[in-house]
Amino acid sequence: MRTVPAKVALLLPLALAGCAGRDSVMTPAGSNAVEIAELAWLLFAGGGAILVLVLLVLWFAMRGSPRTRSHLAADATVIIGGIVFPAVTLTGLLIYGVTVMGAGLPPPAEGERIEVTGERWWWRISYVAADGTRFASANEIHVPVGRPVDFLLTSADVIHSFWVPSLGGKVDMIPGRTTRLRLTAHRPGSYRGQCAEYCGGPHALMTLHVIAMTDAEFESWRTREAAPVLGPANDMERRGQAVFLNAGCGACHAVRGTAAAGTIGPDLTHLGARRSVGVETLPMTAENLARFIADGQHIKPGNTMPPFRVFSREERDALTGYLLSLR
Ligand code: CUA
């Protein structure tokens, strides 16, 4: 039995190591996340101090001199320590917590607006400019550093939850309702997000990346991303585009600038510029695209895309080459 505290002491640093790192609420990189981390540290510190105080009182109640013990048993001690102190502390914390979290609830949108719809099991993303023009994307969100971005969140099917720990708190995405979140990234980087509400099947694979860029980088990215794709640049890409359109991919997927205008699945307009295939499941390579097209159910079980195993090797290579060229 003696070794148990030693084991706990040895394992504690390991457990705490899980709280650190890039994509952690303890490493905030945005204003909303900073407020949450401050609130968490205050609660940890305050809770720790109160625990020490209670243990001290307990020790004096058991081992103290008769005089100390009679002081502790006095009506005044019980009323002040047992009623007044908790009431004042908890009321103070409630006001502080509501104030801090209230700051995360934005007034009507003014700056950059990004609409995110939770789908099983991916993220439909729509960038809306101040003049109301919009374009679609999926699974990767780009934001400018230092500028507040309003996220308008909803769901197409079941309840999902939008959570990017380094940037802010989680907000549920509820069918038929629009919830809001305002995030400001403090420094450039890529921040991992995760659906935080069990939504069935491959919920754990419903991840996303928020990429924070400097203002200039964001503006040039936005201009590029809002534009339709250029036509195929060579024979292989032309062949790949024909395979894409003839196989009916456009019934579910859109590629702006071509006849493909489906809205059931993710918009693929600038797919080749994204980092991953199947929502963060695999890195973006021709090999992984081919795997997802032929056998997506093994990579993301339950996803709504049927397996396409009808392509010859040559057609497959042309198709993945074309998809990677969509940049
Ligand atoms: Cu979407 Cu869990």
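Basis for what follows: all heavy atoms, side chains included, without hydrogens, waters or symmetry-related copies. If you're wondering where the values come from, they're calculated on a predicted model, not measured in any experiment. All ligand and atom numbering here is 1-based and tracks the order in the structure.
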- Which class fits the ring pair F311 and F308: parallel under 30°, tilted 30 to 60°, perpendicular over 60°? parallel
- Query: How many degrees, to 10°, between C195 SG and M206 SD as seen from atom 1 (Cu) of ligand 1?
  - Reply: 110°
Just list the side-chain donor-acceptor pairs under 3.5 Å for residues 76-89, sequence neighbours left out, or say none.
| from | atom 1 | to | atom 2 | distance (Å) |
| --- | --- | --- | --- | --- |
| T77 | OG1 | H71 | O | 2.7 |
| T89 | OG1 | F85 | O | 2.6 |

- Regarding S137 and D267, is there a side-chain donor-to-acceptor distance under 3.5 Å anywhere? no
- Just give me the atom name: the N, O or S atom of H160 closest to atom 1 (Cu) of ligand 1. ND1
- Parallel, tilted or perpendicular: rings of H160 and W123 (30°, 60°): tilted
- Task: Give the atom name of whichever N/O/S atom in E197 sits closest to atom 2 (Cu) of ligand 1.
- Result: O
- Please calculate the SG(C199)-atom 2 (Cu) of ligand 1-ND1(H203) angle and round it to 10 degrees. 120°
